[in-house]
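Chain identifiers are assigned alphabetically (A, B, ...) following the order of the sequence lines, protein sequences preceding nucleic acid strands; residue numbering begins at 1 within each chain. Heavy atoms only: backbone and side chains are in, while hydrogens, waters and symmetry mates are out.
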There are 2 protein chains.
Amino acid sequence: MSVTIRDVARRAQVSISTVSRVLNDTCRVSEEKRRRVLEAAEQLGYRPNPVARSLLTKETGALGVVVPFVFGEFFAELLNGIDAAAQERAFCLTISTSHRHEHELRAALQSLHKRVDGVLLMTPEMPGEQAVAHLPEDVPVVFLNTRLSGDGYAVVNFDNAGGFRALTRHLIALGHRRIAVITGPEAAFDAAERLRGYRMALEEAGMAFDPAWLIPGDYSQRAGYEAVQTLLAWPERPTAILASNDQMAFGALSALREAGLRVPEDVSLAGFDDVPSARYTVPSLTSARVPIRDLGARAVQCLVDHIQAETPPAPRSLVLPVDLVVRDSTAPVGGRLHTAAIEPTARKA
Amino acid sequence: MSVTIRDVARRAQVSISTVSRVLNDTCRVSEEKRRRVLEAAEQLGYRPNPVARSLLTKETGALGVVVPFVFGEFFAELLNGIDAAAQERAFCLTISTSHRHEHELRAALQSLHKRVDGVLLMTPEMPGEQAVAHLPEDVPVVFLNTRLSGDGYAVVNFDNAGGFRALTRHLIALGHRRIAVITGPEAAFDAAERLRGYRMALEEAGMAFDPAWLIPGDYSQRAGYEAVQTLLAWPERPTAILASNDQMAFGALSALREAGLRVPEDVSLAGFDDVPSARYTVPSLTSARVPIRDLGARAVQCLVDHIQAETPPAPRSLVLPVDLVVRDSTAPVGGRLHTAAIEPTARKA
DNA sequence: TGCGTGTTCGAAAACGTTTTCATGCTACGG
DNA sequence: CCGTAGCATGAAAACGTTTTCGAACACGCA
């Protein structure tokens with residue numbers, strides 16, 4: 001059926017060893033035979049069988065990518081970064097997604113057994129050490145956006161805390177003192193880090209942290225929308241709202257507008273991630289830019305280095321910087337919040 | 001290093017054939033030996049090597065997924081559908097993305113040689129027949145969202161034309177006669193289909209098609225934004241704008257708001273795809289719901305059926321229905337468009 | 001007892017490569 | 001002329017499975 005190395009050898013009148021040697025350029029072969037082999041391979045359209053090869057070499061030329069879920073623009077960007085970097089190094093990508101439960105994660109990791117040379121693992125809601133226990137065998141791993149307690153593994157993260165701290169500082173500098181936060185999923189590592197950045201900024205400014213200003217969210221647009229509805233019923237209203245990601249900020253924005261509150265005149269609003277849409281809302285959204293593509297690319301780089309190194313390199317922990325992006329949704333605190341809510345169309349900025 | 005079938009055989013005091021037979025349940029084995037094998041495999045933590053297995057069986061248990069690019073929420077949803085369906089049938093996913101040029105597509109397809117049992121191929125900007133010519137060998141293929149001239153291959157598409165026709169009809173029924181369309185990428189199959197739906201609806205209503213009402217776009221938010229800026233300079237303004245996808249509608253919405261035009265009082269606006277965000281804009285966006293997850297799931301189903309059938313089934317062409325979703329961004333034509341542009345805050349619906 | 005039949009199981013081939021090992025050849029110095 | 005080193009090359013082993021083939025054995029029947 002398929003053309004094998006034997007067919008090439010027969011046609012070139014050489015042994016299969018010679019064919020292998022020519023094609024892999026592994027040692028010297030006479031010019032005459034090299035020509036014959038190349039010609040035969042070309043004519044027959046020979047493609048080596050990667051399965052047979054990897055049975056022997058123990059290399060598959062594939063990387064596993066395991067993520068717990070897939071949502072919106074974030075994941076698309078991440079995959080872009082990963083794929084570009086992998087393609088550059090001639091690796092295929094075997095990806096597995098959607099495992100909410102631990103046993104699903106286990107099944108996903110087990111199914112990669114002997115199929116990949118290394119694994120990119122993103123488990124924001126589970127410590128890296130716990131996830132790695134489900135790996136079938138001793139395979140190189142690099143974590144993305146994951147909490148790691150020790151330093152036994154390589155990990156690439158964003159500076160979630162730093163980014164959120166910068167956002168909070170920005171609001172404080174604008175005079176805001178009542179800053180509500182729509183949080184991310186309770187179990188999520190990055191959400192906790194962002195919250196930590198908020199507390200750091202408050203502390204630095206000598207402001208007290210009050211858990212009453214936190215509204216639980218789950219990174220969905222709907223959560224942002226509902227959070228604002230909750231928040232509008234509070235006795236004292238915030239002058240600024242900090243959403244733990246852009247998606248929730250979008251939801252918040254639409255709830256605010258429906259309620260007749262103007263952004264940023266009545267309430268300042270900011271998000272996190274700086275997804276492409278953030279610049280196209282009205283007003284455009286102040287956010288913190290996380291280099292999503294870079295995250296994927298760096299992780300691949302790290303993993304491939306690990307795979308190709310003869311001696312396993314020391315595990316590295318990489319934290320990518322997050323940049324504050326100030327747009328039109330944040331402004332100095334106005335002080336006329338309550339009246340504005342009553343007469344929504346009375347003023348125009 | 002790794003535990004093999006030999007280790008299990010030795011420990012269970014049987015031959016490797018027997019181990020294989022027990023583990024694959026391929027023919028009768030005495031109860032005693034079966035027990036011993038199972039026990040030994042369990043104790044050693046034996047996992048069969050899929051590479052060795054597939055060298056013999058010619059099956060890899062993997063599906064290739066090849067898409068030209070990855071953008072936003074659409075792709076995330078698609079992947080969700082594909083992954084869920086594949087996992088259900090115990091297939092891994094090997095995905096390859098980002099090939100703008102034909103030779104990149106070729107390289108991507110070639111790299112799947114002998115690595116996958118079948119390929120899911122999405123090439124909206126290239127006819128299926130042209131893409132399939134780059135496949136390394138005779139491997140089952142199912143197309144997604146791709147133009148297919150003949151009927152030699154299986155394909156799963158949306159009813160792009162029908163959906164867009166429904167949107168256009170909806171606007172016509174609301175009294176709109178000047179309906180501008182922000183088109184998709186010129187080469188894109190789905191964009192062309194949507195445009196065809198627009199023309200069909202016009203024709204059915206006895207209205208003339210005028211290419212002057214078309215503004216070129218490329219499915220990006222930016223394109224929608226810029227399209228509206230173009231359009232506002234026209235001597236005669238449309239009463240409704242139909243964007244070829246939601247992303248462009250979002251961009252258009254923000255440009256309209258910046259220009260002081262109200263949606264839907266001054267201009268009606270609709271999109272296509274009904275991404276999750278569509279219900280969270282203000283006003284919420286009238287759109288056409290495409291069953292993205294289903295697209296992926298059906299394609300996988302189709303492909304796996306093909307793979308597992310002993311005789312290749314007749315290629316099927318599947319067109320998934322698209323539902324009109326009417327929200328707040330479309331309204332009966334007002335007739336006060338021009339004055340409204342001058343006094344944007346004059347009315348409140 | 002001899003023979004056919006059916007059942008369980010092990011030996012060995014096969015899959016398509018890479019790599020080791022041995023062999024034959026050439027060239028060269030003594 | 002001979003031994004040896006170096007080199008090109010082919011034969012064969014190896015990778016870890018599945019599957020075919022045949023052997024061994026038990027059993028029923030003549």
Side-chain angles (χ1 to χ4, degrees), chain A residues 1-38 40-41 44-62 110-117 136-137 139, chain B residues 1-38 40-41 44-62 111-117 136-137 139 310:
Chain A
M1 37 176 300
S2 197
V3 33
T4 80
I5 199 174
R6 280 209 163 65
D7 301 321
V8 178
R10 194 173 316 127
R11 180 163 194 130
Q13 308 263 44
V14 297
S15 72
I16 59 168
S17 330
T18 304
V19 177
S20 174
R21 281 191 268 258
V22 170
L23 264 33
N24 298 324
D25 203 19
T26 184
C27 81
R28 286 216 49 78
V29 168
S30 79
E31 208 44 56
E32 161 66 8
K33 297 200 174 178
R34 150 169 274 110
R35 196 191 50 71
R36 289 217 307 263
V37 168
L38 258 22
L44 296 173
Y46 169 69
R47 310 272 317 174
N49 183 333
V51 174
R53 155 186 275 255
S54 68
L55 180 58
L56 215 31
T57 62
K58 311 290 181 206
E59 294 167 0
T60 62
Q110 293 279 340
S111 79
L112 293 178
H113 175 63
K114 298 280 186 190
R115 302 188 106 106
V116 297
D117 296 335
E137 202 167 324
V139 64
Chain B
M1 38 175 297
S2 197
V3 34
T4 78
I5 199 173
R6 280 206 164 66
D7 301 321
V8 178
R10 195 172 317 125
R11 178 163 194 128
Q13 308 263 44
V14 297
S15 72
I16 60 168
S17 328
T18 303
V19 176
S20 174
R21 281 192 269 256
V22 169
L23 266 32
N24 298 324
D25 203 20
T26 184
C27 81
R28 284 216 52 75
V29 169
S30 79
E31 209 43 55
E32 161 65 8
K33 299 201 173 178
R34 150 169 274 110
R35 196 189 51 73
R36 291 216 307 265
V37 168
L38 257 23
L44 295 173
Y46 170 68
R47 309 271 317 174
N49 184 333
V51 174
R53 157 188 273 257
S54 70
L55 180 57
L56 215 31
T57 62
K58 310 292 179 207
E59 294 167 0
T60 63
S111 79
L112 293 178
H113 175 63
K114 297 279 185 191
R115 302 186 106 105
V116 296
D117 296 335
E137 202 167 320
V139 63
E310 57 293 342

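- In this model, a donor atom of one side chain and an acceptor atom of the other lie less than 3.5 Å apart for A:Lys114 and B:Ser2.
- Screening B:Leu38, B:Thr18, B:Ile5 for a side chain to side chain contact (heavy atoms under 4.5 Å, CB included) involving B:Leu23 leaves a single residue, B:Leu38.
- When distances run from any side-chain atom of A:Cys27 to the nucleotides D:dT17, D:dT9, C:dT18, the shortest one goes to D:dT9.
- Using a 4.0 Å heavy-atom criterion, one finds that B:Pro48 contacts the sugar-phosphate atoms exclusively.
- Taking atom CG on A:Leu55 and atom P on C:dT18, their separation rounds to 12 Å, with Å as the unit.
- Taking both residues in full, the closest heavy atoms of A:Ala62 and B:Arg115 are given as N-NH2, 4.5 Å, listed atom of the first, atom of the second, then distance.
- Checked against C:dG10, D:dT17, D:dT9, the side chain of B:Lys33 finds its nearest nucleotide in C:dG10.
- When the nucleotides D:dT17, C:dG16, C:dT18 are ranked by their closest atom to the side chain of B:Ala52, D:dT17 comes out on top.
- Residue A:Lys58 has a polar side-chain atom (N or O) positioned under 4.0 Å from OP1 or OP2 of D:dG16.
- When the P atom of D:dT9 is taken as reference, atom CD of A:Glu32 falls 10 Å away, rounded to whole Å.
- Taking every side-chain heavy atom of B:Arg53 into account, D:dT18 is the closest of D:dA12, C:dA12, D:dT18.
- Atom CD1 in B:Ile5 sits about 13 Å away from atom C1' in D:dC15, given to the nearest Å.
- Taking 4.0 angstrom as the limit, B:Asn24 places a side-chain polar atom (N or O) nearer than this to OP1 or OP2 of D:dT18.
- The base of C:dG10 is paired with the side chain of B:Arg21 by a donor and an acceptor separated by under 3.5 Å.
- In the set D:dT17, C:dG16, D:dG10, the nucleotide with an atom closest to the side chain of A:Val14 is D:dG10.
- Using a 4.0 Å cut-off between charged nitrogen and carboxylate oxygen, B:Arg36 and B:Glu32 count as a salt-bridge pair.
- Of all the heavy atoms in B:Arg34 and B:Asp25, the pair that sits closest is NH2-OD1, 3.3 Å.
- Here the side chain of A:Leu56 is nearest to one of C:dG10, D:dA11, D:dA14, namely D:dA14.
- Nearest-nucleotide mapping onto DNA chain C: of B:Ile16 and A:Asn49, the residue sitting toward the 5' end is B:Ile16.
- Counting any heavy atom pair closer than 4.0 Å across all strands shown, B:Val51 reaches no nucleic acid atom.
- Nucleotides of DNA chain D nearest to A:Lys114 and A:Thr18 differ in position, and the one nearer the 5' end is that of A:Thr18.
- Using a 4.0 Å heavy-atom distance criterion, B:Thr4 is classed as a sugar-phosphate-only contact.
- Annotation for B:Val14 and B:Lys33: closest pair CG1-CD, 3.8 Å, computed over non-hydrogen atoms.
- Here B:Arg6 lies in heavy-atom contact (under 4.0 Å) with a base.
- Ranking C:dG10, D:dG16, D:dG10 by closeness to the B:Ser15 side chain, first place goes to C:dG10.
- Proximity of A:Ser20 to the phosphate of C:dT18: a side-chain N or O atom is located under 4.0 Å from OP1 or OP2.
- Contact annotation: B:Ser30 side-chain N/O to C:dC9 OP1/OP2 distance is under 4.0 Å.
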